[in-house]
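Just so you know, these numbers come straight off a predicted model, no measurement behind them.
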Amino acid sequence: MTRILTLVSLLLIMALTTAQAQREIGTFGLGFQVGIPNGAFQDAYDKVGFGGGMDIYFKIHQNAPLYAGLNLSLMGFEQLRRDFNVLLPGGFVGEYRLRASSNLFSGYGGLRIMPSTGGWVQPYAEGLIGFKNFFVSKRLEQRENFSNEWQEYDSDTDGDWALGYGGAAGIMFYFGQSGIALDLRCSYLAGGEVTFYKLQEDIDEAAFEEDPFSAFDPVKATTNMLIPQIGIVFRLRTDPPDEDLPVIMD
């Protein structure tokens, strides 16, 4: 009977202290980002990007404040639409619409230092290196004379890859013992030169007839950006290994 009571007592204690007994193994975050062009990128392309990202980090060692992980993000910079008429052979006038969207996809490996503060405020800093792809999706639509509706006539996507690197600093505000935190973060990311496309102000009709997407001019620049972010972080936890649990002796 004594052994049974002891076992029940231990199980109750373990059930009441599960959250405290669990160990942190990492974090998972989701955030809203604003991409602000900087330097040569701002000179060539002054549009601000909006998008979102996610990151997942795992603790390298239980007793060290170092984490390794992955950051992924996608931002849209511009939605273009231009309606215009083109004089076609035979004296006919064609009504066309050009659409384009400029986007940036990034993937970075990260090393984060995040010393434990033991409280609800948690600062951190990280270094990042990876890749970026700035791509433009282009679509040409033509108005049908009989239905008076816009129909897709042609489409194309151009993109360019480049090395990316930089750093970030942030601070998390945890909601009590829930393991959920508000994350405020700012990154600066530089890297190699990429080619993107801008729509011409005056479209050359002769060139347009041969290639509708000749209305876009290629521009080269390094995509250096300042990226403020606000998001939510979830602390990843696991149960302690078996050797950390109490043993009942006969």
(message) Nearest 0.5 angstrom please: Asn103 CG to Asn133 CG, how far?
(response) 9.5 Å
(message) I want to check something: taking the side chain as every heavy atom from C-beta on, are Met172 and Met114 in contact at a cut-off of under 4.5 Å?
(response) yes
(request) Taking the side chain as every heavy atom from C-beta outward, state whether Ile113 and Tyr67 have any atom pair closer than 4.5 Å. (result) no
(request) Check whether any side-chain heavy atom of Leu236 sits under 4.5 Å from a side-chain heavy atom of Thr27, and report yes or no. (result) no
(message) To the closest 0.5 Å, what do you measure between CE (Met54) and OG (Ser73)?
(response) 11.0 Å
(message) Using 0.5 Å steps for rounding, measure from the CG atom of Asp158 to the NZ atom of Lys138.
(response) 3.5 Å
(request) Please tell me if the side chains of Glu141 and Leu98 come closer than 4.5 Å, counting only heavy atoms from C-beta onward. (result) no
(message) Do Gln42 and Leu226 have side chains that approach each other closer than 4.5 Å (heavy atoms only, starting at C-beta)?
(response) no
(request) Over all heavy atoms of both residues, which pair between Pro37 and Met225 is shortest? Give the atoms and the distance, please. (result) CA-CG, 4.1 Å
(request) Consider only side-chain heavy atoms of I, L, V, M, F, W and Y, link residues closer than 4.5 Å, and tell whether Ile180 and Leu182 are in one cluster. (result) yes
(message) Would you say that Arg97 contacts Gln142 through its side chain, given a criterion of any heavy-atom pair below 4.5 Å between the two side chains?
(response) no
(request) Report yes if some heavy atom in the side chain of Thr117 is under 4.5 Å from a heavy atom in the side chain of Pro123; otherwise report no. (result) yes
(request) Quick one: sort the Phe50 and Phe32 rings into parallel, tilted or perpendicular, breaks at 30° and 60°. (result) parallel
(message) Hydrophobic clustering (ILVMFWY, side-chain heavy atoms < 4.5 Å, transitive) - are Leu30 and Phe105 grouped together?
(response) yes
(message) Less than 4.5 Å apart, side chain to side chain, heavy atoms only: is that true for Ile227 and Leu189?
(response) yes
(request) If the plane angle is over 60° it's perpendicular, under 30° parallel, otherwise tilted; pick one for Phe134 and Phe41. (result) perpendicular
(message) Nearest 0.5 angstrom please: Phe135 CZ to Ser101 OG, how far?
(response) 7.0 Å
(message) What verdict does the side chain to side chain contact (heavy atoms under 4.5 Å, CB included) test give for Tyr108 and Leu72, after you've listed the backbone C-alpha separation in whole Å, the side-chain angles of each residue and the deciding distance to 0.1 Å?
(response) CA-CA 7 Å; Tyr108 293 91; Leu72 297 174; over 6 Å; no
(request) Please name the pair of heavy atoms, one in Gly191 and one in Asn224, separated by the smallest distance, quoted to 0.1 Å. (result) N-OD1, 3.6 Å
(request) Give a yes or no on whether Ile25 and Ile56 share a hydrophobic cluster (residues Ile, Leu, Val, Met, Phe, Trp, Tyr; joining criterion: side-chain heavy atoms under 4.5 Å apart). (result) yes
(message) As a quick check of understanding, evaluate side chain to side chain contact (heavy atoms under 4.5 Å, CB included) for Cys186 and Gln229, giving each step before the final call.
(response) CA-CA 6 Å; Cys186 190; Gln229 173 179 310; over 6 Å; no
(message) Minimum heavy-atom separation for Pro218 and Thr195, please, with both atom names.
(response) CB-CG2, 3.9 Å
(message) Can you confirm whether more than 12 heavy atoms, excluding those of Trp120, are under 6.0 Å from its CH2 atom?
(response) no
(message) Please determine whether residues Ile232 and Leu184 belong to a single hydrophobic cluster, defined as Ile, Leu, Val, Met, Phe, Trp and Tyr linked transitively by side-chain heavy-atom distances below 4.5 Å.
(response) yes
(message) Quick test of your reading of the model: are Asp160 and Lys132 salt-bridged, counting only N-O distances below 4.0 Å?
(response) no
(request) Given side chain to side chain contact (heavy atoms under 4.5 Å, CB included), test Val48 with Val34 step by step and report yes or no. (result) CA-CA 7 Å; Val48 174; Val34 178; 3.5 Å; yes
(request) Before accepting this row, confirm whether a basic side-chain N of the pair Arg235/Glu24 lies closer than 4.0 Å to the acidic partner's carboxylate O. (result) yes
(request) Answer yes or no: is there a donor N or O on one side and an acceptor on the other, between the side chain of Gln62 and the main chain of Arg23, under 3.5 Å? (result) no
(message) With side chain to side chain contact (heavy atoms under 4.5 Å, CB included) as the criterion, how do Asp183 and Phe173 come out once you've worked through the C-alpha distance, each side chain's angles and the decisive distance to 0.1 Å?
(response) CA-CA 7 Å; Asp183 183 26; Phe173 299 92; over 6 Å; no
(request) Run the numbers on Tyr57 and Asn71 for side chain to side chain donor-acceptor pair (under 3.5 Å), then give the verdict. (result) CA-CA 9 Å; Tyr57 279 86; Asn71 290 259; 2.8 Å; yes
(message) Is there a path of hydrophobic side-chain contacts, each under 4.5 Å between heavy atoms of I/L/V/M/F/W/Y residues, joining Phe28 to Leu66?
(response) no
